[in-house]
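Report on the structure given below.
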Amino acid sequence: MNEKQLAGEKAASYVQNGMVVGLGTGSTVYWTILKIAEMVQNGLSITGVPTSKETEKLALEHGIPLIPLEEVSSIDLTIDGADELNDELTLIKGGGGALLREKIIAYHSTHMIVVADSSKVVSDLGTFPLPVEVVPFGYQKTLHVLQGMGCEPSIRKKNDSLFITDNGNYIVDCAFESIPYPSTLHERINQIPGVVENGLFIGYAEKAIIGNGSTITFLEK
């Protein structure tokens, strides 16, 4: 097994019968979803809430029953990945473009577990460019304001076209190099008109399961 598979499959062991489970997006939680699907086939009864259309498709293909977020009172456990995380379990997410739905589902979850390979654990956030979801109207102006915060922003593209999120918005990837004060930056970015949400997840995760070589390590609050 590679590190992603080790961490992803381990996280599935925290899923219990009768739970409503937030299903994250990305290459590590992919393995969680496959493992949960196997558990469902073996009799586990859960309901999943997907964080993206990609995850919805994967879960349905493998027989995991799904329910829309608006039809649940709360989510027992969300399992999701991260592009970077530090020892305080502050995350950068959004490399796959699903940060808004991921954050909404994390907010409505009682517990959140992060799965990642060892390369995602950092002492200081910011090597990975911070994704910011913005509305299309006036996005060039929004990008200019973000640049004034000390980053090098770039509008995300896919196949030579602007990348469109599941919500019909754009993603600006902001290269800060270092983010010493995540809470302050989070507030400043979200105050910009035109910004929908940014990829800093602060105070959501309570446990991280890290694939580290052939073993697993844990980070907890």
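- Within the model, atoms CG of Leu219 and OG1 of Thr217 stand 6.0 Å from one another, a figure rounded to the nearest 0.5 Å.
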*Begin with the C-alpha distance, continue with both residues' side-chain angles, and end with the deciding distance and a verdict on side-chain contact (heavy atoms from CB on, under 4.5 Å) for Phe218 and Ile209.*
CA-CA 5 Å; Phe218 298 90; Ile209 300 174; 3.8 Å; yes
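- In plain terms, the two heavy atoms of Thr28 and Ala7 that are nearest each other are CG2-CB, 4.3 Å.
- Contact annotation: the side chain of Leu146 approaches that of Ile192 to within less than 4.5 Å [non-hydrogen atoms, C-beta and beyond].
- A salt bridge is absent between Glu56 and Lys53: the closest approach of a Lys/Arg side-chain nitrogen to an acidic carboxylate oxygen does not fall below 4.0 angstrom.
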*asked:* Evaluate Leu77 against Tyr14 for side-chain contact (heavy atoms from CB on, under 4.5 Å), listing each step before the verdict.
replied: CA-CA 9 Å; Leu77 170 66; Tyr14 290 84; 4.1 Å; yes
_Would Asp76 and Val21 count as a side-chain contact (heavy atoms from CB on, under 4.5 Å) here? Give the steps._
CA-CA 6 Å; Asp76 298 300; Val21 182; over 6 Å; no
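- Asn86 and Asp124 share no side-chain donor-acceptor pair at under 3.5 Å.
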*Evaluation steps, side-chain contact (heavy atoms from CB on, under 4.5 Å), between Leu200 and Leu130*: CA-CA 7 Å; Leu200 284 167; Leu130 176 65; 3.7 Å; yes
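- The shortest distance between side-chain heavy atoms of Phe176 and Cys174 falls below 4.5 Å.
- In plain terms, the two heavy atoms of Ile46 and Gly18 that are nearest each other are CG2-N, 4.3 Å.
- Between Tyr30 and Ile33, the closest side-chain pair of non-hydrogen atoms is not below 4.5 Å.
- Annotation for Thr32 and Gly8: closest pair OG1-O, 2.7 Å, computed over non-hydrogen atoms.
- The line from CE of Met19 to CD of Gln16 is 4.5 Å long, rounded to the nearest 0.5 Å.
- Scanning all heavy atoms of the two residues, the minimum distance from Pro182 to Thr90 falls at CB-CG2, 4.1 Å.
- A donor-acceptor distance shorter than 3.5 angstrom exists from the side chain of Glu84 to the backbone of Gly126, with no hydrogens or angles considered.
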Identify all side-chain donor-acceptor contacts of residues 60-67 below 3.5 Å with residues at least two apart in sequence or on another chain.
unit_1 : atom_1 : unit_2 : atom_2 : d
Glu61  : OE2    : Lys57  : NZ     : 2.7
His62  : ND1    : Leu58  : O      : 3.0

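- We find that Lys93 and Asp80 are joined by a salt bridge, their nearest charged nitrogen and carboxylate oxygen being less than 4.0 Å apart.
- Between Leu100 atom CG and Ser52 atom OG the span is 12.0 Å, to the nearest 0.5 Å.
- Hydrophobic clustering keeps Val121 apart from Phe128 (ILVMFWY residues linked when any side-chain heavy atoms are closer than 4.5 Å, directly or through intermediates).
- Salt bridge annotation for Lys4-Asp117: present, with a cationic side-chain nitrogen under 4.0 angstrom from a carboxylate oxygen.
- Side-chain contact check for Thr25 and Glu54: no donor-acceptor pair (N or O, by modelled atom type) lies under 3.5 Å.
- The closest side-chain heavy-atom distance from Asn198 to His186 is below 4.5 Å.
- Checked by atom type, the side-chain pair Asn167/Glu133 shows a donor-acceptor distance below 3.5 Å.
- Every pair passing side chain to side chain donor-acceptor pair (under 3.5 Å) that includes a residue from residues 151-162 is listed here, sequence neighbours excluded: Arg156-Asp173.
- Note on Val122 and Leu185: same hydrophobic cluster, where clusters join Ile, Leu, Val, Met, Phe, Trp and Tyr whose side-chain heavy atoms are under 4.5 Å apart, directly or indirectly.
- Residues Lys221 and Glu206 are not paired through a salt bridge, judged by the lack of any N-O separation under 4.0 Å between the basic side chain and the carboxylate.
- With hydrogens and angles ignored, the 3.5 Å screen pairs a side-chain donor or acceptor of Thr51 with a backbone N or O of Leu23.
- For the atom pair CD1 of Ile113 and NE2 of His111, the computed distance is 9.0 Å after rounding to the nearest 0.5 Å.
- Looking only at side-chain heavy atoms (C-beta outward), Ile164 and Asn169 stay at 4.5 Å or farther from each other.
- Although no hydrogens or angles enter the test, the distance criterion places a donor-acceptor pair under 3.5 Å between the side chain of Glu3 and the main chain of Ser118.
- For the pair Thr165 and Phe163, the minimum side-chain heavy-atom distance is below 4.5 Å.
- Both Val195 and Ile92 sit in one connected hydrophobic cluster of ILVMFWY residues. Membership requires side-chain heavy atoms under 4.5 Å apart, directly or through other members.
- Atom-to-atom distance recorded for Leu91:CG and Glu102:CD is 10.0 Å, nearest 0.5 angstrom.
- The salt bridge (Lys or Arg N to Asp or Glu O under 4.0 Å) test applied to Glu197 returns Lys103, not counting sequence neighbours.
- In this structure, Val135 and Val196 have side chains that are in contact, with non-hydrogen atoms separated by less than 4.5 Å.
- Side-chain heavy atoms closer than 4.5 Å link hydrophobic residues (I, L, V, M, F, W, Y) into clusters, and following such links, possibly through other members, connects Val29 to Leu6.
- With rounding to the nearest 0.5 Å, the separation of CD in Glu187 from CD1 in Ile202 is 8.0 Å.
- Across Cys151 and Pro153, no two heavy atoms sit closer than the pair O-CD, 3.3 Å.
- Smallest separation of non-hydrogen atoms from Gly95 and Asp83: N-OD2, 2.8 Å.
- A 4.5 Å side-chain heavy-atom check between Val132 and Ile171 finds every atom pair outside the cut-off.
- Side-chain heavy atoms closer than 4.5 Å link hydrophobic residues (I, L, V, M, F, W, Y) into clusters, and following such links, even through other members, never connects Tyr204 to Leu125.
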